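Below is one structure, written out as structure tokens, with a few remarks after it.
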Amino acid sequence: GREGDGALVLKDGVVTPSALLDALAEISSEVSAPGRLRVSVALDSCHSAAFITELLDLCYHEHSDRLVPWMLFASCMEDEFALEESSLGHGMFTYAYSVQRSSLLSFGATAIQPDNTFGPSLAIAAGELGCSHLTLGAQNPVTYFNGGVYLEVCGRRVDIFDGGDYVGLEEMRTRLKHHRDEIAEAISRARPDVHSRGRATDAENRTYIRETIEMLSGDQPEKPESTA
């Protein structure tokens with residue numbers, strides 16, 4: 001996803017929330033009488049909460065007569081990255097949402113494996129809060145279910161209506177960040193043994209990756225020959 005608005009960067013162009021909804025609005029009357037189409041979107045991409053919050057806002061403000069936001073999933077907040085873990089064979093979001101508790105009170109669970117079968121896992125890794133735990137608060141998915149009146153982040157409910165009035169895009173994002181920051185800080189404090197780089201921009205991450213690659217690929221200094 002593109003930094004700032006979470007737009008989907010594809011090989012042949014960029015898809016913004018407004019472009020997607022404009023296209024859906026055009027066909028809504030053809031596929032869903034009396035013309036209101038339920039919109040569900042699941043994104044496992046960087047900055048994806050920026051995309052779904054803008055999509056939600058546009059549904060309320062510009063397309064309320066034709067489109068209904070229904071099931072929306074973003075793998076991370078607008079200032080976060082969708083992380084991959086090679087040992088899991090999947091992104092952290094995909095892995096966390098695949099976790100299925102073995103029984104209601106069990107600590108054990110199953111989850112998707114690198115070969116796409118299901119194998120052992122732990123219940124604490126499940127869902128949006130599980131993704132937060134696994135990444136030490138670095139990646140926090142955002143969800144919106146069944147045309148409701150709230151979003152969820154880090155297992156917390158984030159209301160987007162006050163007294164029946166929609167709070168607007170900026171207030172929605174402010175509330176999400178407030179709850180995210182509280183939970184992410186608590187998770188980070190619980191693991192003082194693990195160093196976190198904090199939240200970085202795309203440019204900062206590219207610089208960090210380039211410098212790391214240069215360091216790892218650079219010539220190692222030669223050891224002095226022994227005079228013994």
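Scope of the values below: all heavy atoms of this structure, side chains included, with no hydrogens, waters or symmetry mates. As the structure is a computational prediction, the values presented were derived from the model and not from experiment.
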Is the closest side-chain heavy-atom distance between Val142 and Val158 below 4.5 Å? no

Student check: side-chain heavy atoms of Tyr144 and Glu152 closer than 4.5 Å: no

Using the rule that Ile, Leu, Val, Met, Phe, Trp and Tyr join whenever any side-chain heavy atoms are under 4.5 Å apart, tell me whether Leu67 and Ile27 fall into a single cluster. yes

Could you state whether Leu58 and Tyr60 fall into the same hydrophobic cluster, counting links through intermediate Ile, Leu, Val, Met, Phe, Trp or Tyr residues with side-chain heavy atoms under 4.5 angstrom apart? yes

Apart from Ile124 itself, which Ile, Leu, Val, Met, Phe, Trp or Tyr residues share its cluster (side-chain heavy atoms under 4.5 Å, direct or through members)? Leu122

Rounded distance (nearest 0.5 Å) linking atom CG of Leu37 with atom SG of Cys59: 9.5 Å

Can you measure from CG (Asp22) to OG1 (Thr16) and round to the nearest 0.5 angstrom? 7.5 Å

Taking all non-hydrogen atoms of both residues, which atom of Ser121 and which atom of Ala111 are closest, and how far apart? CB-CB, 3.6 Å

Looking at CG of Asp44 and OG1 of Thr94, how far apart are the two atoms once the value is rounded to the nearest 0.5 Å? 4.0 Å

Testing the basics here: between Gly137 and Ala184, what is the closest heavy-atom pair and its distance to 0.1 Å? O-CB, 3.7 Å

Using a 3.5 Å distance criterion without hydrogens, assess whether the side chain of His47 forms a donor-acceptor pair with backbone atoms of Glu80. yes

One pair to check against side chain to side chain contact (heavy atoms under 4.5 Å, CB included): Val153 and Ile183. What are the steps and the verdict? CA-CA 9 Å; Val153 65; Ile183 298 299; over 6 Å; no

Are Pro141 and Tyr97 side-chain neighbours, meaning at least one heavy-atom pair lies under 4.5 Å? yes

Ignoring hydrogens and angles, tell me if any N or O in the side chain of Ser28 forms a donor-acceptor pair with the backbone of Ala25 under 3.5 Å. yes

If we only count heavy atoms from C-beta on, is the Leu151 to Leu56 side-chain gap below 4.5 Å? yes

Working note: Val41 + Leu20, criterion side chain to side chain contact (heavy atoms under 4.5 Å, CB included); need CA distance, chi angles, decisive distance, verdict. CA-CA 10 Å; Val41 175; Leu20 175 62; 4.3 Å; yes

Would you check if the side chain of Gln139 reaches a backbone N or O of Ser75 as a donor-acceptor pair within less than 3.5 Å? yes

Do the side-chain N and O atoms of Glu128 and Thr143 include a donor-acceptor pair separated by under 3.5 angstrom? yes

Gap between atom CG of Leu134 and atom CG of Leu129 - 0.5 Å precision: 9.5 Å

Under 3.5 Å donor-acceptor, Arg156 side chain and Leu176 backbone: no

Using the test side-chain contact (heavy atoms from CB on, under 4.5 Å), find all partners of Leu88 that sit at least two apart in sequence or belong to another chain. Glu85, Met92, Tyr95

Please name the pair of heavy atoms, one in Asn140 and one in Ser132, separated by the smallest distance, quoted to 0.1 Å. OD1-OG, 2.6 Å

Quick check on the hydrophobic clustering: are Phe51 and Val68 connected, directly or via other members, by side-chain heavy-atom contacts under 4.5 Å? no

Angle between ring planes, Phe161 versus Tyr166, binned at 30° and 60°: parallel, tilted or perpendicular? tilted

Below 4.5 Å, heavy atoms only, C-beta onward: do Arg157 and Val149 meet side chain to side chain? yes

Tell me whether Arg180 contacts the main-chain N or O of Cys154 through its side chain, where contact means a donor paired with an acceptor under 3.5 Å. no

Side-chain heavy atoms of Glu62 within contact of Leu21, under 4.5 Å: no

Looking only at non-hydrogen atoms, find the nearest pair between Gly130 and Ala96 and report the distance. C-CB, 4.4 Å

Is there a donor-acceptor pair under 3.5 Å between the side chain of Arg173 and the backbone N or O of Ala50? yes

What I'd like to find out is whether the side chain of Asn146 reaches to under 4.5 Å of the side chain of Trp70, using heavy atoms alone. yes

Please answer whether the main-chain N or O of Gly108 pairs with a side-chain N or O of Ser102 as donor and acceptor at a distance below 3.5 Å. yes

In Å and rounded to the nearest 0.5 Å, what is the CG to CD distance from Leu169 to Glu54? 6.5 Å

Set of side-chain contact (heavy atoms from CB on, under 4.5 Å) partners for Thr110, sequence neighbours left out: Gln100, Phe118

Value for CD (Gln113) from OG (Ser98), rounded to nearest 0.5 Å, stands at 8.0 Å

Cluster question for you: counting only ILVMFWY and a side-chain heavy-atom cut-off of under 4.5 Å, with indirect links fine, are Ile160 and Phe73 together? no

